[in-house]
Every structure is written in structure tokens, then in C-alpha cells.
Undergrad: 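The structure's right below; bear with me while I get my questions together.
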Amino acid sequence: MICMYKTLILSLGSSIMSDDAIGHVITQNLIKKKVKADIIQLDTDIFKLNLFFNNHKRIIIVDAIQSSESPGTIHVISYLDFEKEINGK
């Protein structure tokens with residue numbers, strides 16, 4: 001992938017699964033607004049994620065998650081918090 005910008009916005013989800021498509025809806029709006037970022041939409045093939053993580057200073061992942069909060073709540077998770085959660089620390 002050729003990187004034009006320092007920021008990658010990556011949406012995950014399924015365009016046929018109602019609320020799971022929110023990431024794609026958001027990135028489609030960002031594309032229309034001509035946001036200065038590389039924007040990629042992936043469906044459920046998360047195994048391709050590592051193909052996009054090189055050469056960007058910032059990576060923003062937009063995805064629907066299950067939480068105890070009200071639908072539509074925006075969660076901001078830092079890389080360090082994400083890493084702690086994955087590693088169980």
C-alpha cells in the first residue's frame with residue numbers, strides 16, 4: 001500500500017449487518033469530505049489488518065463494539081490500553 005498521509009483511518013465491519021456497518025458509514029462520510037488521511041474499509045477479514053499498519057504515524061480504527069454503554073457511545077481506546085487489554089495486564 002502506498003501511503004499518501006501520516007494517518008490511516010481503518011473501518012471494520014459488515015456492510016450487511018446493520019449496526020456493524022457503522023465504521024463503513026463513518027469512513028464513507030470522511031471520504032466525501034476529502035479528509036487528508038489514507039482511508040481503508042475492511043469487512044470481517046481482520047487477518048489483513050497487519051498489511052496496513054506500516055508506514056503510518058497514526059492509525060484510527062472505527063468499529064462497532066459491544067459494551068455496557070448506550071448504543072452510539074463513542075469509545076476512545078489508546079494503543080497502550082488496547083495492548084494491556086489484549087495481554088491481560
Undergrad: To the nearest 0.5 Å, how far apart are CD1 in Ile40 and CG in Leu8?
TA: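 Ile40 atom CD1 to Leu8 atom CG measures 5.0 Å (nearest 0.5 Å).
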Undergrad: Between the side chain of Gln41 and the main-chain N/O of His24, is any donor-acceptor distance below 3.5 Å?
TA: yes
Undergrad: Quick one: does Asn87's side chain have a donor or acceptor within less than 3.5 Å of a partner on Glu83's backbone?
TA: yes
Undergrad: Which value, rounded to the nearest 0.5 Å, describes the distance between Arg58 atom CZ and His56 atom NE2?
TA: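 If I round to the nearest 0.5 Å, the distance is 10.5 Å.
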Undergrad: So which atom in Gly23 and which in Val62 form the shortest heavy-atom distance, rounded to 0.1 Å?
TA: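 Closest approach of Gly23 to Val62, heavy atoms only: CA-CG1, 3.6 Å.
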Undergrad: Could you give the distance from CG (Leu42) to CG (Leu10), rounded to the nearest 0.5 Å?
TA: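 Rounded to the nearest 0.5 Å, the CG-CG separation comes to 5.0 Å.
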Undergrad: Can you give me the closest heavy-atom contact between Ile61 and Leu12, atom names plus distance?
TA: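 Of all heavy-atom pairs spanning Ile61 and Leu12, the closest is CG2-CD1, 3.8 Å.
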Undergrad: Atom CG in Asp38, atom CD1 in Ile59: separation rounded to 0.5 Å?
TA: 10.5 Å
Undergrad: Roughly how far, to the nearest 0.5 Å, is the CG atom of Leu30 from the CD1 atom of Ile60?
TA: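 If I round to the nearest 0.5 Å, the distance is 8.5 Å.
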Undergrad: How close do Ile22 and Ala64 get, counting heavy atoms only, and between which atoms?
TA: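 Taking Ile22 first and Ala64 second, the nearest heavy atoms are CG2-CB, 3.8 Å.
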Undergrad: Just by distance, do the side chain of Thr73 and the backbone of Glu69 share a donor-acceptor pair under 3.5 Å?
TA: no
Undergrad: Using 0.5 Å steps for rounding, measure from the OG atom of Ser11 to the CD1 atom of Ile31.
TA: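 Those atoms lie 7.5 Å apart.
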Undergrad: Between Ile65 and His75, is the side-chain contact (heavy atoms from CB on, under 4.5 Å) condition met? List the steps.
TA: CA-CA 9 Å; Ile65 64 169; His75 299 269; 3.6 Å; yes
